[in-house]
Amino acid sequence: MESDLYLVLGCVLGTFSITRVASALADGRAPIFALIMLIVSGGLVGYAYHLEPGGLTFDDVPRAFAAVIGRIIN
């Protein structure tokens, strides 16, 4: 269950960081903070992959989102 949380956090941070990189490049700024966020999100996804005994597949991502949202709601 812990790996689900890391996977979801990594996916959400990765999505936000990609949009921040695009925004910074469009404004002509250096996307330093966004790139740091992208590295952290990749580390979270990699750590989640490492925690799962059989690894993760793309089919595990929606299940992880549902499990984390279910844990938050209950």
Side-chain angles (χ1 to χ4, degrees):
M1 195 59 128
E2 182 178 312
S3 64
D4 292 343
L5 182 62
Y6 292 133
L7 180 64
V8 170
L9 284 176
C11 289
V12 170
L13 276 179
T15 303
F16 288 149
S17 67
I18 289 172
T19 57
R20 286 185 63 106
V21 166
S23 173
L25 291 177
D27 290 342
R29 295 180 284 122
I32 294 174
F33 181 71
L35 291 176
I36 291 171
M37 276 181 41
L38 191 63
I39 292 170
V40 168
S41 70
L44 284 170
V45 171
Y47 187 60
Y49 181 81
H50 176 71
L51 286 179
E52 282 293 318
L56 293 170
T57 63
F58 286 114
D59 295 335
D60 292 331
V61 176
R63 180 196 50 79
F65 270 89
V68 169
I69 291 171
R71 240 173 54 190
I72 291 171
I73 290 174
N74 287 333

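The figures here come from the full heavy-atom set of this structure, side chains too, leaving out hydrogens, waters and symmetry mates. What you are looking at is a predicted structure, and each value in this text was computed from that prediction instead of being measured.
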Test of understanding: clusters of I, L, V, M, F, W, Y form through side-chain heavy atoms closer than 4.5 Å, transitively. Do [X] and [Y] belong to the same one?
X: L9; Y: V45; result: yes
X: V61; Y: V12; result: yes
X: I72; Y: F65; result: yes
X: F16; Y: V21; result: no
X: I69; Y: L56; result: no

Counting C-beta onward and ignoring hydrogens, is there a side-chain heavy-atom pair between [X] and [Y] closer than 4.5 Å?
X: L5; Y: R71; answer: yes
X: L7; Y: L44; answer: no
X: R63; Y: D4; answer: yes
X: S41; Y: L38; answer: yes

Near Y49 OH, under 6.0 Å, is it more than 12 heavy atoms from other residues, nucleotides or ligands?
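Result for OH/Y49: open.
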
Point-to-point distance, once rounded to the nearest 0.5 Å, from CG of L13 to CD1 of I18:
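Separation between the atoms: 11.0 Å.
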
Supply the atom-to-atom distance S3 OG to D60 CG, rounded to the nearest 0.5 angstrom.
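Between atom OG of S3 and atom CG of D60 there are 8.5 Å.
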
Please collect all side-chain hydrogen bond (donor to acceptor under 3.5 Å, both in side chains) contacts where either partner lies in residues 8-20, sequence neighbours excluded, each pair once.
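Not a single pair qualifies under side-chain hydrogen bond (donor to acceptor under 3.5 Å, both in side chains).
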
